[in-house]
Number of protein chains: 2
Amino acid sequence: MSSNWEQLAADKRKRLAKTIPQQWRIREVPGNDSVIDYPRTAGILSKRELEITELCASQLVSNLASNSLSAVEVTLAFCKRTAIAQQLTNCVHEFFPEAAFSQAKELEEYFAKHGKPVGPLHGLPVSLKNQLRGYETSMGYISWLGKYDKEDSVMTHLLRKAGAIFYVKTSVPQTVLVCETVNNIIGTTTNPRNRNWSCGGSSGGEGALLAMRGSVLGVGTDSGGSIRVPAAFNSMYGLRSSHGRLPYAKMANSMEGQETTVHSVVGPMGHSVENLRLFVQAVLEQEPWKFDSKVIPMPWRQSEADMVRAKIQTGGLTIGVFNFDCNVLPHPPVLRGIGIAVAALNRNGHKVVPWKPYKHNHGCELMNRVWAADASTDPIGIKELWEIQTERWAYQNEYLEKWREAEDQLGTVLDAIIAPVAPAAAVRHGRFGYSFLINLLDFISVVVLVGFAEAGIDRRNQVYVLVSELDKAMQEEYDPQAYHGAPVAVQVIGRRLSEEKTLAVAKELANSLGRKEAVSLVLNSRL
Amino acid sequence: MSSNWEQLAADKRKRLAKTIPQQWRIREVPGNDSVIDYPRTAGILSKRELEITELCASQLVSNLASNSLSAVEVTLAFCKRTAIAQQLTNCVHEFFPEAAFSQAKELEEYFAKHGKPVGPLHGLPVSLKNQLRGYETSMGYISWLGKYDKEDSVMTHLLRKAGAIFYVKTSVPQTVLVCETVNNIIGTTTNPRNRNWSCGGSSGGEGALLAMRGSVLGVGTDSGGSIRVPAAFNSMYGLRSSHGRLPYAKMANSMEGQETTVHSVVGPMGHSVENLRLFVQAVLEQEPWKFDSKVIPMPWRQSEADMVRAKIQTGGLTIGVFNFDCNVLPHPPVLRGIGIAVAALNRNGHKVVPWKPYKHNHGCELMNRVWAADASTDPIGIKELWEIQTERWAYQNEYLEKWREAEDQLGTVLDAIIAPVAPAAAVRHGRFGYSFLINLLDFISVVVLVGFAEAGIDRRNQVYVLVSELDKAMQEEYDPQAYHGAPVAVQVIGRRLSEEKTLAVAKELANSLGRKEAVSLVLNSRL
């Protein structure tokens, strides 16, 4: 039997390799740790194609909508760059450029006939985590190989309606329940910034592909950090929306049916907060609540974003911050990252106040009980499940109470909370209490890049009292040299269903950090 | 041991009886089947007090807000009438007029000091189903007696903030999971229109008290019809909102923690659709999403109601209708009730189209599997629960698809669907597939009174093919004489979270039926 699964996996790898045409093959795979700049010198993309792939999603849709870029040429550029990314980082499960080209041609015909784009994402290539249905969805399970989807996920269907072009499905760890990306079919996906590092997970293929600019906007899912961790580890931006805001129906999943206890959510990963906004707004315009019963009929609320903007222009925002959940002290680069974010916000006139983490240990324990619920040796009973659900609700309400209390004390609205995404900046193992508590609370989180680890600055923490075994392990694990250059990100946390507001706050943080969030509509070279 | 529980129940009844002062006691309990008009001649309420209790909630809050009625006198009037209702229909679990008077006095002091009402429900007595926390909450369980709540439910807390006065908690069946109202503590609650009839359940005490006008606005809960059935059986109006619209946190419940599979929701019962609107809007103004993590941050959307109004004034609404779920044919009065509603809508220029029930049997079966989930002899496993949840989601999405298909075929929006609330008009046993499918779908439902059963018109159905055992039992159960005079209601069904729209459609139905929905602000006699 064991040769059987190995054969199935080998067959899949062979089929996958074949999808890359000869002219997109790399002659010699570089030996460098970092491959992030390789596409520029690989000789596979033309100058113009390189430029196209280095535009952001907002710039691309503008150019596509005005017909100054064609859907076919954009698709070709991203397919080429994806082929390179795959050969260097092993980030792809499915690659189907031919299908993408026919979609692109149809969209061009539509444009020629109607003189306008089909929807807000007209002609934009969008990468999909290999959990969204359409084509072959294995999710890293060998036993799922060879089963072709008969139906799209609702998200795929609506993105298609909005004009998105599909060309690739990215790698995931088997089960999609861990924060690394490795499975028995294609092996390990690596981090393009340093192939010794993890790309994070479970939307790890997305993270790596986006960092390589083989994609400009990708779809991930997050039930414990699976969008945020790979976004952070690959210096990308990611949104963990609240359950019920974006359509999850008809996607593949592990622990199917579990989603009522701790919700896995679907959301965008991209190169800027602005691009995340573009995605959310485009999907909401398709009225997903008419297709997925779990989606709330809540169109994009521009007024919520405008309110943030108005506050920025008047008194400034009020933002809570914590860098230690009282369980595991983050590594020095992460602690410094929080400091960078706070300093940037202060510089821009915002008020940053300490946030006291409220019983995070208790929350993490509840999460762990949910994850272990269907353990094959000893699944929990239905009454225990109901107990967990009751405790979770109580905890969520207590957290809201803390938020209200803080606002009462401050005498003003607390606009968001800034916190680490994970205790480490990229790399190696680790637990993800910083990210997965947000899932338990069903809060919003936007990952924002703040800088990179520097061996010369980010010395080991001088910790005299270790608060837990995990804390001890985490502190011991830190090595300034190994982490040098790793991206450091923070998450901007908002209350449930505050996508518009929290994206606006995250954008202001990115602006405060000097990251360009404004959209330029002109390509560098003449098109 | 058996004497013990009997003693506990007897003690409770004694404590309850003591809460009614001597001057509010009925000298001689009437022998009539109907006691609904008794308060007018009981000699306990003054003429003015009778008038006050016969105003609707909207009229009361207007008069209270302009200080032309005082909170104390309104409270006194409703306490007196409640005392009568309790002696005649046994609809009360907790009665606390003294606490109500001190609340009323505080509100009057507030008004005197600030010259304005404390909130949108300033001084309005609101009755609570004995499931909302505050005072003693037994929910019909003898073992819960004597435990006094240390904390309000979130709903109680927010209604209090809005200015509501609490004076009574109404009867429920033990468990609150059935559609009759009987428990081992106080026995059976009867229908004031005919004490041989059931008042419905589980918010049956609310139904009876409202019909007696001992309350003008009450709070019920509904996980399978528990607001709608007693509203219908007592000729009242009721709203089954979607899960997440109104706060349920910190309420007592059976099967606690189950609420993620099929949601029990909280909602208003009252004397008009307009009064239901008043309640929802008042609660949403308190921002319940900051107190209960399950509540969606969605303020009252007047624009949704306005859109319905605009359609009414232009082309009219498009409304689906069905009167048979292909499992149990409703009794003749219910079938005629649907006909009355359709005729009224047609008369007012609206288009009514047949709606084909979609796999309602399948839906009912899923519901039954959920209800039986924690059966003590054979509880289901967690994997089966997840299977049910997955099937439910699929079914919900299919139902949405049917709705979209209908709209595509009609070429217009389907504004609502009209259907029976239950297969029988008031009275006796019966299954409630018509109501509880709405819970599975998490749709909105507003109960609207359409008429009364008439023995001379509502002859037995001539049914040649009985489609199920339940159908057979139901047809045999019908007796034109026994049902004579029973209220007949329909439910107006809207998609998930369409409270504003569906209330507006229901209001138009009530208007079309000639029921006065406009609010008169003037009392009949000089105040």
Side-chain angles (χ1 to χ4, degrees), chain A residues 154 242-245 247-250 253 255-261 263 287 289-298 301 304 373-376 379-401 403-404 407 440-443 495-498 501, chain B residues 154 242-245 247-250 253 255-261 263 287 289-298 301 304 373-376 379-401 403-404 407 440-443 495-498 501:
Chain A
V154 168
S242 277
H243 170 68
R245 196 70 203 267
Y248 204 95
K250 302 187 185 177
N253 211 350
M255 296 175 92
E256 220 178 347
Q258 183 284 121
E259 75 285 346
T260 57
T261 310
H263 306 293
E287 304 187 305
W289 48 86
K290 293 189 176 168
F291 298 80
D292 178 349
S293 65
K294 293 196 178 175
V295 178
I296 293 159
M298 188 184 269
R301 297 162 301 176
E304 301 278 313
D374 68 342
S376 51
I380 65 171
I382 196 163
K383 294 209 175 162
E384 189 182 342
L385 179 73
W386 292 353
E387 269 168 39
I388 295 172
Q389 293 183 163
T390 304
E391 279 183 55
R392 179 206 47 177
W393 193 10
Y395 179 63
Q396 290 174 331
N397 292 341
E398 288 166 25
Y399 219 102
L400 287 179
E401 198 179 328
W403 199 302
R404 293 201 313 275
E407 292 186 332
L440 186 79
L441 294 169
D442 198 22
F443 280 1
R495 270 183 289 204
R496 191 174 163 228
L497 293 162
S498 65
K501 176 174 185 176
Chain B
V154 168
S242 277
H243 170 67
R245 197 71 204 268
Y248 204 95
K250 303 186 185 178
N253 211 350
M255 296 175 90
E256 219 178 349
Q258 183 284 120
E259 75 284 347
T260 58
T261 310
H263 304 293
E287 303 188 307
W289 47 87
K290 293 190 177 168
F291 298 80
D292 179 348
S293 65
K294 294 197 178 175
V295 178
I296 293 159
M298 189 183 267
R301 298 163 300 175
E304 301 279 313
D374 68 342
S376 51
I380 65 171
I382 195 163
K383 293 208 176 165
E384 190 182 343
L385 179 73
W386 292 353
E387 269 168 39
I388 295 173
Q389 293 182 166
T390 304
E391 280 184 55
R392 178 206 48 177
W393 193 11
Y395 178 63
Q396 290 175 332
N397 291 341
E398 287 165 25
Y399 219 101
L400 287 179
E401 198 179 327
W403 199 302
R404 292 200 314 273
E407 292 186 334
L440 187 79
L441 294 168
D442 198 22
F443 279 0
R495 269 184 289 203
R496 190 174 163 229
L497 293 162
S498 66
K501 177 173 183 175

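For clarity, every value in this text was computed on a predicted model and none was experimentally measured.
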Undergrad: Starting at CH2 of A/W386, measure out to CG of B/L385 and round the result to the nearest 0.5 Å.
TA: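 Interatomic distance, A/W386 CH2 to B/L385 CG, rounded to 0.5 Å: 7.5 Å.
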Undergrad: Measure the OG-CD distance between A/S293 and B/E398 for me, rounded to the nearest 0.5 Å.
TA: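 The CD atom of B/E398 is 10.5 Å from OG of A/S293, to the nearest 0.5 Å.
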Undergrad: Quick one: are A/F291 and B/R404 in side-chain contact, heavy atoms under 4.5 Å?
TA: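 Heavy-atom side-chain distance check passes, below 4.5 Å.
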Undergrad: With a 4.5 angstrom heavy-atom cut-off, which part of B/Y248 approaches chain A: side chain, backbone, both or neither?
TA: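 For B/Y248, backbone and side chain are both near chain A.
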Undergrad: Determine the minimum heavy-atom distance between A/A249 and B/N397, stating which atoms define it.
TA: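 So the minimum-distance heavy-atom pair works out to CB-ND2, 3.4 Å.
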Undergrad: Report yes if the side chains of B/E401 and A/K290 come closer than 4.5 Å at any heavy-atom pair, otherwise no.
TA: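 The answer is no, as the side chains (C-beta and beyond) never meet within the 4.5 Å cut-off.
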Undergrad: Pick one of side chain, backbone, both or neither for B/W403, based on which atoms fall under 4.5 Å of a heavy atom in chain A.
TA: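 For B/W403, there is no contact with chain A at all, as no heavy atom is under 4.5 Å.
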Undergrad: Run A/M298 and B/L497 through side-chain contact (heavy atoms from CB on, under 4.5 Å) and show every step you take.
TA: CA-CA 9 Å; A/M298 188 184 269; B/L497 293 162; over 6 Å; no
Undergrad: Which pair of heavy atoms, one from A/L400 and one from B/W289, lies closest together, and at what distance?
TA: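 Answer, listing the atom of A/L400 first, then B/W289: CD1-O, 3.5 Å.
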Undergrad: For residues B/R496 and A/I296, determine if any side-chain heavy atom of one lies less than 4.5 Å from a side-chain heavy atom of the other.
TA: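 B/R496 vs A/I296: side chains touch.
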